[in-house]
Amino acid sequence: MHKADETRYETMQYKRCGRSGVLLPKVSLGLWQNFGLEKTLDEQKQILFRAFDSGITHFDLANNYGFPAGGKAEENFGKILHEELGAYRDEMMISTKAGYDMWPGPYGNWGSRKYLMASLDQSLKRMGLDYVDIFYHHRPDPETPLEETMGALSDIVRQGKALYVGISNYQAEEAERAIHILKENGTPCLIHQPRYNMFERWVEDGLLNVLEKEGVGCIAYSPLAQGALTDRYLKGIPADSRAARKGTTIGGRYLTEEKMEQIRALNQLAEERGQALAQMALAWVLRRPEVTSVLVGASSPEQLSANIAAIENLEFRAEELTAIETILGNH
């Protein structure tokens, strides 16, 4: 059994999630990558220990994480939790999601009550838990009535299988509708999880306003643009990097020549601030008052610690923000 660092809560910063009773660490750990088959169980343990010992209390999963073996991340996390961190369960916020393709047939995808209920039962079994702290609908379903999807989330809370519910990847208008339905059901929406980084800013076109108005928290995933907003690719694509993996979208989405020029200019600005590019990119997302936390992945304890250090310098001068907008071509 892992013995947690007694000073773990002294340096991490926590922020209230919307208008709820929940405080989340400004940096949370996402298990989308590196917790399936890519790393040994011992390597995964070391990352989780470093996270918890650094004051990270929030661990974010989904039913399909662990690709290509969907469910493997939950399974591995559950095993490590019970063998090493079980004594600290009540100090953790554990979240999972359903919404993407998970099993064959018409009930293994999207947003039906049947799929969400069945998926969460499977997730709880894989992790060996009685409940999760947050259960998300992972993406909007254009064909299932929103009342059905949100009704399922509300009933999941009433059944005691999740303490809170959230939504992910919802645009402003549909998010507002979902939040209102949940409120009418008596189970407020705790949090929204959108993709948000310097290159992808659709959340600024209304969604963040909706979340602030409704008192809903926001946790940004992919704040480093899947690793593009780091010093990893400044000199090309390393053979052992995520961008070099077969089937990955990172190259076409983020590593075009135009974006590489922007990344190099941003890296120089980060150096002038005394930060690594990744730290500045995280701080930039956290600068928004509507953002509660950023979700980072980690391939090693050292990489995780470097990202957590972003909280040591979260302030931006007006001219730095202007310089970032200029680099990104927004001026």
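Sequential numbering from 1 along the given sequence is applied to the chain's residues. Only heavy atoms go into these numbers, but all of them, side chains included; no hydrogens, no water, no symmetry mates.
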**Student:** Less than 4.0 angstrom from a charged side-chain N to a carboxylate O is my criterion; do E204 and R201 meet it?
**Tutor:**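 Yes.
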
**Student:** Report the residues that fulfil side-chain hydrogen bond (donor to acceptor under 3.5 Å, both in side chains) with H137, sequence neighbours left out, ordered by chain and then residue number.
**Tutor:**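 Only Y170 meet the side-chain hydrogen bond (donor to acceptor under 3.5 Å, both in side chains) criterion with H137.
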
**Student:** Sequence neighbours left out, what passes salt bridge (Lys or Arg N to Asp or Glu O under 4.0 Å) with R126? Give chain and number order.
**Tutor:**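 Salt bridge (Lys or Arg N to Asp or Glu O under 4.0 Å) list for R126, sorted by chain: E74.
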
**Student:** Run the salt bridge (Lys or Arg N to Asp or Glu O under 4.0 Å) test against K125 and tell me which residues pass, sequence neighbours left out.
**Tutor:**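 Salt bridge (Lys or Arg N to Asp or Glu O under 4.0 Å) check on K125 returns nothing, list empty.
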
**Student:** Can you list every side chain to side chain donor-acceptor pair (under 3.5 Å) pair that touches residues 10-19, not counting sequence neighbours?
**Tutor:**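 Every side chain to side chain donor-acceptor pair (under 3.5 Å) pair that includes a residue of residues 10-19, provided the two are not neighbours, is Q13-K26.
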
**Student:** List for me each residue that meets salt bridge (Lys or Arg N to Asp or Glu O under 4.0 Å) alongside E83, sequence neighbours excluded, and say none if there are none.
**Tutor:** K79

**Student:** Counting only N and O atoms by type, is there a donor-acceptor contact under 3.5 Å from the side chain of D53 to the main-chain atoms of R8?
**Tutor:**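 Not a single qualifying donor-acceptor pair exists.
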
**Student:** Is there any salt bridge (charged side-chain N to carboxylate O under 4.0 Å, His left out) pair reaching into residues 128-145, and which pairs are they, with sequence neighbours excluded?
**Tutor:** R89-D133

**Student:** Sorted by first residue and then second, give each salt bridge (charged side-chain N to carboxylate O under 4.0 Å, His left out) pair with at least one member in residues 98-112; sequence neighbours left out.
**Tutor:**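 Passing the test, one end in residues 98-112: no pairs.
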
**Student:** Partners of K45 by salt bridge (Lys or Arg N to Asp or Glu O under 4.0 Å), sequence neighbours excluded?
**Tutor:** E84

**Student:** Could you give the side-chain donor-acceptor pairs of residues 181-190 under 3.5 Å, partners two or more places apart or in another chain?
**Tutor:**
residue, atom, partner, partner atom, Å
K183, NZ, E214, OE1, 3.0
N185, ND2, S154, OG, 3.0
T187, OG1, S154, OG, 2.6

**Student:** List for me each residue that meets side-chain hydrogen bond (donor to acceptor under 3.5 Å, both in side chains) alongside K72, sequence neighbours excluded, and say none if there are none.
**Tutor:**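 Result, side-chain hydrogen bond (donor to acceptor under 3.5 Å, both in side chains) vs K72: E75.
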
**Student:** Which pairs, with at least one residue in residues 305-321 and sequence neighbours excluded, count as a salt bridge (charged side-chain N to carboxylate O under 4.0 Å, His left out)?
**Tutor:** R273-E320, R317-E319, R317-E320

**Student:** Looking at K161 and D155, does any basic side-chain N land under 4.0 Å from a carboxylate oxygen?
**Tutor:** no

**Student:** Tell me every residue that passes ring-ring contact (aromatic ring centres under 6.0 Å, His included) with F135, counting only those two or more places apart in sequence or in another chain.
**Tutor:** none

